[in-house]
Amino acid sequence: MNIYRLGIKNALANPLSTVLSVLLLLLSIGLISLMFQVTRQLDNKLEKNIRGIDMVVGAKGSPLQLVLSSVLHIDVPTGNIRLKEAERLSRNRLVKKAIPVSYGDNYKGYRILGTDKDFLRLYKTELAVGSVWEKPFEVVLGATVADKLQLSVGSTFSGSHGLMENSAEAHDHHPFMVVGILKPSNSVTDQLIICNLESVWMVHDHGHEAEAAEEDHEHHGEEEHHHEVHDAHDEREITALLVQFRNPMAMVTLPRTINENTNMQAALPNYEIERLSNLLSAGSKAITLIAVVIMLVSGISIFVNLYKAVRERKYEMALLRTYGASRIQLLRSVMVEGLLIGITGFIAGILLSRLGIYVLGGFIEDSYKYTLGDAGIMKEEVFLFIFTILLTIFATILAAVPVFYLNVSKILAGDD
Amino acid sequence: MIATKNLRFSYDEEHYFTFPDIVVSKKGHLLILGDSGVGKTTFLHLLAGLLKPGAGEIKIGDTDIARLSHRKLDKFRGRHIGIVFQKAQFIRALTVEENLLLIQNLSGTGQDKKRVREILERLHIGHKAAEKVSNLSEGQKQRVSIAAALVNNPDVILTDEPTSSLDDKNCAVVTELLKEQAAQTNASLVVITHDHRLASQFSNSIRL
């Protein structure tokens with residue numbers, strides 16, 4: 001038995017007020033840490049997903065919606081643009097690279113995206129197994145898709161129309177076949193089913209394709225169809241074009257030219273995402289502010305509880321002094337009591353925030369097919385720990401002031 | 001042994017107490033009788049080093065505790081002086097045994113579970129070692145407070161009104177117990193009380 005264990009025993013002997021202080025602290029720590037985690041994970045994810053895409057061109061509408069749908073793949077598209085127009089733009093001397101994307105179908109909620117192989121290079125993806133598509137209806141799966149839907153190379157499936165899960169209209173005539181699965185990249189490619197543009201066009205070319213399949217062998221049918229695609233090139237549409245600029249000058253002129261002279265719309269992902277982040281950060285700032293207020297209240301609660309305890313244990317403190325305890329030893333005992341609350345509250349708070357990430361991650365994954373990763377302890381959380389400890393020590397020292405003014409003789413004589 | 005010389009103490013400018021010189025040898029007893037308000041508790045607190053005298057000296061062994069600094073006095077008291085207070089008080093969050101172990105720890109002499117057990121057995125409360133003090137009867141509490149005063153083998157045992165709430169029979173029992181335990185610990189025993197029943201049990205007594 002020593003003065004430190006006495007502190008712990010004292011904290012445990014008063015469970016109600018100790019638990020109240022711990023609860024307040026864990027709530028505030030949990031909220032703050034959750035905000036840190038979510039903000040950073042989303043920022044990381046967004047930044048990673050828009051990297052390399054200077055501009056996105058799509059149908060007229062909301063620029064933010066265009067970025068959300070065609071770059072981040074979470075909103076519905078603004079409409080389609082004509083392939084011919086898109087190709088004309090691709091040949092502009094300010095454009096370094098242009099990647100067409102086209103979609104309209106999903107399989108169990110995961111989007112089927114038609115594009116070219118530059119898309120895979122843009123996100124620096126690597127194949128885990130299999131190969132990249134060579135023919136229409138061959139698809140490459142993102143790591144999350146393969147994992148969640150339990151698909152492997154050789155599996156076949158039929159997409160359904162629209163971007164939402166459980167759409168009634170299924171395209172049974174065109175089963176897709178998995179030829180490759182990507183390594184996890186922690187970017188949008190994880191939650192996409194990727195194929196070439198022709199596949200997407202052909203799925204929606206009901207009449208022709210059905211006939212072709214009936215008339216001929218499957219293989220021949222496809223080749224024939226390929227020719228048809230070329231023939232009908234003028235009417236082909238894509239959803240959007242992802243553009244990389246050759247030089248920064250393009251940023252100034254190109255979007256304006258497109259918006260004014262064509263019936264397409266150009267949006268800058270960096271700008272739109274920053275606008276979105278600013279909107280969101282107002283919310284996260286409000287939550288953080290509330291959490292900071294709760295934290296201050298928990299500091300006050302620690303102070304009040306310890307102050308009350310110190311006053312109630314005045315006689316015990318006086319006794320300890322007669323047994324040879326110095327003032328500093330008594331202060332340490334109270335300090336242990338406070339730090340026990342502080343450290344328990346912090347650890348419980350961090351656990352709460354991880355639980356929050358887990359629950360929130362499940363929710364986000366269900367609605368947006370976005371996965372939140374598992375981040376370790378952040379630098380901000382280390383600062384939060386230091387701040388918590390300092391707050392606890394400050395509250396404890398304030399509460400323990402009476403220890404220094406203890407009139408042992410008076411208390412023991414029963415006068416005080 | 002404990003000896004005082006020309007002790008004087010004042011709470012304010014006008015009123016002050018003067019105390020008679022006392023000498024109690026090792027294993028000796030002294031009963032200090034006095035009515036309320038004559039400064040009995042003040043005298044005890046001076047002897048215990050809880051109050052600093054205005055003048056005079058208090059020798060315990062070879063040390064004049066009136067000259068010790070606060071910090072040294074705290075340690076000295078823990079190691080050499082055992083006090084039995086008027087009302088038995090302990091650390092409520094701890095068990096009987098933990099209370100005694102903490103007292104040993106604070107005196108800086110190290111913890112000795114065997115010694116704690118032995119004292120509790122000697123006072124017939126060994127079976128209560130693991131109980132919280134609040135679960136004990138008044139009589140048992142008083143025995144624990146005697147154990148608390150003895151646990152560090154003090155040179156001097158000071159007791160403040162140990163019998164004020166006891167009937168005649170128990171009064172004699174507690175007095176005998178104190179004398180016996182002090183003798184076994186080789187300590188000087190000083191009892192301060194207004195209880196005249198004790199006068200017949202001590203050969204050596206003074207009045208304040």
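Order of the sequence lines sets the chain letters (A, B, ...), proteins ahead of strands, with each chain counted from 1.
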Does [X], at its [atom1] atom, have more than 12 non-hydrogen atoms belonging to other residues, nucleotides or ligands within less than 6.0 Å?
| X | atom1 | result |
| --- | --- | --- |
| B:D62 | CG | no |
| B:K179 | NZ | yes |
| A:Y405 | OH | no |
| A:R311 | CZ | no |
| B:Y16 | OH | no |
| A:E274 | CD | no |
| A:Y4 | OH | no |
| B:R71 | CZ | no |

Shortest non-hydrogen contact from [X] toward [Y]:
| X | Y | value |
| --- | --- | --- |
| B:F85 | A:L319 | CE1-CD2, 3.5 Å |
| B:E98 | A:K9 | OE2-NZ, 2.8 Å |
| B:R77 | A:R321 | NH1-O, 2.7 Å |
| B:D74 | A:S326 | OD2-CA, 4.0 Å |

Subject >> Any side-chain heavy-atom pair of B:L102 and A:Y323 under 4.5 Å >> reply: no

**OP:** Sort A:I3 into side chain, backbone, both or neither according to what part of it lies under 4.5 angstrom from a heavy atom of chain B.
**Re:** both

Subject >> Which portion of A:L320 sits near chain B, non-hydrogen atoms under 4.5 angstrom >> reply: both

Where on [X] is there a heavy atom nearer than 4.5 Å to chain A: the side chain, the backbone, both, or neither?
| X | value |
| --- | --- |
| B:R79 | neither |
| B:I83 | side chain |
| B:F76 | neither |
| B:Q89 | both |

Got a second to check how far [X]'s [atom1] is from [Y]'s [atom2], nearest 0.5 Å?
| X | Y | atom1 | atom2 | value |
| --- | --- | --- | --- | --- |
| B:F9 | A:S409 | CZ | OG | 6.5 Å |
| A:T322 | B:I81 | OG1 | CD1 | 10.0 Å |
| A:E316 | B:L94 | CD | CG | 8.0 Å |
| B:N105 | A:Q329 | CG | CD | 7.5 Å |

**OP:** Give the member of B:K75, B:R92, B:H70 that has the highest number of heavy-atom pairs under 4.5 Å with chain A.
**Re:** B:R92

Original post:
Who among B:T42, B:N99, B:L51, B:L44 has the most heavy-atom pairs with chain A under 4.5 Å?
Top reply: B:L51

